[in-house]
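Notes follow the structure.
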Number of protein chains: 2
Amino acid sequence: MLFSKTCEYGIRAAVYIASQSDKTEKTGIEEICENIEAPRHFTAKILQILTRNHLLSSQKGVNGGFYMTAEQLQQPMIVLVEAIEGKEVLSKCGLGLKACSEVEPCPLHNKYASIRNNIKQMLSGVTIKDMAVSLQTGKAFLKID
Amino acid sequence: MLFSKTCEYGIRAAVYIASQSDKTEKTGIEEICENIEAPRHFTAKILQILTRNHLLSSQKGVNGGFYMTAEQLQQPMIVLVEAIEGKEVLSKCGLGLKACSEVEPCPLHNKYASIRNNIKQMLSGVTIKDMAVSLQTGKAFLKID
DNA sequence: ACAATAAAAGACAAAAACATCCTTATTTAA
DNA sequence: TTAAATAAGGATGTTTTTGTCTTTTATTGT
């Protein structure tokens, strides 16, 4: 509902990569996709987008793969989501009206705005690292073995 | 983000029909679509779904059209949304994990659950009629003329 | 240098969402 | 009782999203 498949895979992949970022080895796309149960090539494309947006780092060649810098680990989820879904996604009218505004609101405007703020707050208040830590400490899961 | 196009059109159409429900004449699909700026045939199909689900009433033939009973006007938005998007939409995992649960939650589980509850509350707390009234009193708009 | 490895990039395919058009069934006014 | 009106239903088309496959480019260990 909230996220597209693209966004779901992107978040899951980023969190997995983050969870591996203590290791010195970089993480390959194959390993990532196995651990988040996402389609190989499709996910690779999403990671390209994130890499272009400097939310991930990557290296080609032998022993290459994906990894995250300390700075990247500290990015809040909202940055990921906006990179994938586009910045507008969190400001568009809930009923899809082009002209919806404070002055001429749709019938759902205020209620929707408040929900949207909740969502923004959630996405701003959680970093990739936060989620990775919850994985590492066994408090959360991306895959049930 | 929150709603599909199908759902947006469905809500807008229902609200428009509701806003016309004081009149004795029923409202035709043509008029509805003009006033909510939605595609004619596509919207007609959505209204079929809502009618089958008894969220709208319709009548064929001369002077036919769509209308809503007092009871239908009192339905909360959540019923509309569930009829269109499916009941599961408001209980699925935010990261798209099949196995996500309280016991084995995804890294976003609790935050997402709280957002979802907000959304449910909003959708349960607003009736079609509420939205129609805001239209009728000029407090809200579906179309800017 | 060279072979192996891994991400990047591009072309293509399938499925789902969105949208249109045409026919059918029903109702009613004349 | 018939013609017109209007929703319902079915077939089809388009676009977007999701997914795969192949080739290219960069990197590195030997």
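Naming: A, B, ... by sequence-line order, numbering from 1 per chain. Being a predicted model, the structure only gives us computed values, none of them experimental.
Going from atom CD of B:Glu25 over to atom C1' of C:dT27 covers 17 Å, rounded to whole Å. The OH atom of B:Tyr67 sits 12 Å away from the C1' atom of C:dT27 (whole-angstrom rounding). Nucleotide D:dC21 holds its C1' atom 15 Å from the CD1 atom of A:Ile29, rounded to whole Å. C:dA7 atom P lies 11 Å from atom NZ of A:Lys26, rounded to whole Å.
A distance of 10.5 Å separates CD1 of B:Ile84 from CD of B:Glu8, quoted to the nearest 0.5 Å. Rounding to the nearest 0.5 angstrom, the gap separating the CD1 atom in A:Ile49 from the CG atom in A:Leu80 is 11.5 Å.
Among residues two or more places apart in sequence or in another chain, the side-chain contact (heavy atoms from CB on, under 4.5 Å) test is passed with A:Ser124 by A:Ile78. A:Ala18 meets the side-chain contact (heavy atoms from CB on, under 4.5 Å) test with A:Met68, A:Leu73, A:Ile128, A:Ala132; sequence neighbours excluded. Looking at residues two or more places apart in sequence or on another chain, you find no salt bridge (Lys or Arg N to Asp or Glu O under 4.0 Å) involving B:Lys23.
Heavy-atom distances under 4.0 Å link DNA chain C to B:Pro39, B:His41, B:Phe42, B:Lys45, B:Gln59 of residues 34-59 of chain B, given in residue order. Near-neighbour residues of DNA chain C inside residues 4-13 of chain B, defined by a heavy atom below 4.0 Å, number-ordered: B:Ser4, B:Lys5, B:Thr6, B:Tyr9.
Contact check, B:Asn63 against C:dT27: no side-chain N or O comes under 4.0 Å of OP1 or OP2.
Between the side chain of B:Glu85 and the main chain of B:Phe3, no donor-acceptor pair closer than 3.5 Å is present. Of the possible donor and acceptor atoms, one in the side chain of B:Asp130 sits under 3.5 Å from a partner among the backbone N and O of B:Thr127. Between the side chain of B:Arg12 and the backbone N or O of A:Leu97 there is no donor-acceptor pair closer than 3.5 Å.
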Protein and nucleotides 23-25 of chain D: nitrogen or oxygen contacts under 3.5 angstrom:
none

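Across all strands, B:Gly64 comes closer than 4.0 Å only to sugar-phosphate atoms, never to a base (heavy-atom distances).
B:Phe42 and B:Tyr9 have perpendicular rings, their planes meeting at more than 60° on a 0 to 90° scale where under 30° would count as parallel.
Shortest non-hydrogen contact noted between B:Thr27 and B:Tyr16 is CG2-CE2, 3.7 Å.
In terms of hydrophobic clustering, with Ile, Leu, Val, Met, Phe, Trp and Tyr side chains grouped at heavy-atom distances under 4.5 Å, A:Tyr67 and A:Ile36 are assigned to different clusters.
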